[in-house]
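Just so it is clear, the values below take in all heavy atoms, side chains as well, and ignore hydrogens, waters and symmetry mates.
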Amino acid sequence: MAAPKKGRSASAQSKPGRSLALILIAIVALTGGMFLSGHTTPRLGIDLAGGTSITLEAKADQGSAINKANMDTAVEIMNRRVNGLGVSEAEVQTQGDSNIIVNIPKGTNSKEAREQVGTTAKLYFRPVLASEPTGSAAGASPSPSASGSSTASPTPSTSASPGEKASSSASPSASATSQGRAVTDALKADPTPSASASASASASPSASASGGATDEAAVQATYASLDCSKESVRVEAGEGAKPGDTTVGCGEIQGVWYKYLLGPAAVDGTEVEKAQAVFDTQTAAGWQVTMDFKPKGAKKFADITAQLAQNQDPQNQFGIVLDGEVVSSPYVSSSITGGQAQISGSFTQEEAQNLANMLSYGALPLSFQEQSVTTVTAALGGDQLHAGLLAGAIGLALVVIYLVAYYRGLSLIAIASLLVSAALTYVLMALLGPAIGFALNLPAVCGAIVAIGITADSFIVYFERVRDEIREGRSLRPAVERAWPRARRTILVSDFVSFLAAAVLFVVTVGKVQGFAFTLGLTTVLDVVVVFFFTKPLMTLAARRKFFASGHKWSGLDPKSLGAKPPLRRTRRPAGMAAGPVETKEA
């Protein structure tokens, strides 16, 4: 018979300390990173930490029907928006036929999230037909050069060719409110419109001709009576207007609310391919939102700017209308090509990112009205968590009792492996909170409890393989090495099935169930790491100790109690016997 190959087994058996040192160094490094990051506890979900619950009701006032397809699209967009805020474990789900529930965990800016999730983010570029201040400022023309205006000084300090990019324009002396203004080489901030100019514009034939409304007289009457200084009026201004209608709107300039008569939309916000918040380090513009138009939108933008550049003030202005509010009304000096534009002003970083976020993720197919906002307490979740942890502790205690009663000395290796697995799980959960927004909720806790059984099962598979080898009459050290290849295959197949189930569950589910699937998958991967780099090397070292190698009755490896066969020995023939054939007997 050929001698068994001993090189690989001897090498693996002689250096178990390396594997143990490697996993211990990893634990120390991860723990140090956890303390350095300042996140020493896992981030909790809304059911454990509390948070805010927002109920939104769909309104079919944009020509869209309230149906399952539109509701599902709205849920998907809202999910992307809250994730864009860095929020994880936020639940967005439908309730009934026309309601959407948004649950946001504690620690998130709930006010910011409320403004994001229900905002339709309908952006239109509409030509300005007339504009004038309302309220106490009506009839007065603010000084064009006043600080804090949403417009730059009347005479632009720079003039660029139409073909240049948007980022190279903007007068250095421009100042703006948080409402913002669009700036490109040919799209300069407008001089502050006067009431007289607005009045003449509203009465001009061109205004009526380009309005395109079904009832121009009604729109003119609405514009004449509009008082944008009142919040209730501003909310309803332009409500229900279609893109092809002439409408009215409100916008703030230099702390004064202006009313606008706006023509049909020339460019739709859906033509914006990408929007992002950037900080302008070259001028005093500060934070800006840059927009890149799609090819079709870029052509529309160039065509309409070429037309507006030929008109007189205020009909050479664009009204950038976001959800019915005129956030900017810059004027056009020449056609803008290149498909790029900016919305700039005294934005904070948060405001610029919020606007870019809404424009990037698209408009909701329906408009939504906020029905209720409630604060979710963690009292119920805390009670459930305590019950779950108690159940986990009882289960863990039963597992430990079983290991001690059945495996005796081997239970020390199993318990040490469970502790290492628990330490790695806790540290990784604490680090994944700020890294990827992972939040520990009740289903995730359940996944961690289920992982106890999966991890213990891997140890039992290996221990039973070792005991089988001892029953065959082998000593402990070769039994440990011979049992490992077969146990390793079984452990890998079992963990692969568990990980595959967790991955499928994570992909096809949403909300809290994903927390369960993620935790189950994470602990399954850690089980493989612990068994390979801790349990197996520790078992190799234990086999070198007299307590285990001699088969002490409390080691769990006593050959007599396991019913081991006597070792196989060669039978020597008595001297003087003929070397004839020996009759064999059946076993």
Could you check whether the rings of F506 and F518 sit parallel, tilted or perpendicular, using 30° and 60° as the cut-offs?
-> tilted
Would you check if the side chain of Y407 reaches a backbone N or O of I413 as a donor-acceptor pair within less than 3.5 Å?
-> no
Taking all atoms of both residues into account, what is the closest heavy-atom pair of T523 and G447, and its distance?
-> OG1-O, 4.4 Å
Answer yes when E271 and K294 have at least one side-chain N-carboxylate O distance shorter than 4.0 Å, and no when they do not.
-> no
Hey, is the main chain of K553 close enough, under 3.5 Å, to the side chain of R408 for a donor-acceptor pair?
-> yes
Answer yes or no: does atom CZ of F516 have more than 12 heavy-atom neighbours from other residues, nucleotides or ligands under 6.0 Å?
-> yes
Taking all non-hydrogen atoms of both residues, which atom of L431 and which atom of M34 are closest, and how far apart?
-> CD2-CA, 3.6 Å
Within 6.0 Å of CZ in F547, more than 12 heavy atoms from elsewhere | yes
Give the C-alpha distance, both sets of side-chain angles, the deciding distance and a yes or no for side-chain hydrogen bond (donor to acceptor under 3.5 Å, both in side chains) between Q371 and E57.
-> CA-CA 6 Å; Q371 292 295 312; E57 183 181 4; 2.7 Å; yes
Answer yes or no: is there an ion pair linking R482 with E472, defined by an N-O contact shorter than 4.0 Å?
-> no
Polar side-chain atom of S555 near backbone of H552 as donor-acceptor pair, under 3.5 Å = yes
Neighbour count >12 (heavy atoms, 6.0 Å) for atom CZ, F279 | yes
Would a distance-only check, ignoring hydrogens and angles, find a side-chain to backbone donor-acceptor pair under 3.5 Å from N70 to A65?
-> yes
With Y406 via ring-ring contact (aromatic ring centres under 6.0 Å, His included) - residues at least two apart = Y402
Mind jotting down which residue pairs meet the side-chain hydrogen bond (donor to acceptor under 3.5 Å, both in side chains) criterion with at least one end in residues 409-420? Sequence neighbours excluded, please.
-> S417-T535
Flag the pair K536 and E481 as a salt bridge only when some basic side-chain nitrogen lies within less than 4.0 angstrom of an acidic carboxylate oxygen.
-> yes
Would you sort out whether D495 and T524 count as a side-chain hydrogen bond (donor to acceptor under 3.5 Å, both in side chains), showing the intermediate values?
-> CA-CA 6 Å; D495 284 344; T524 301; 5.6 Å; no
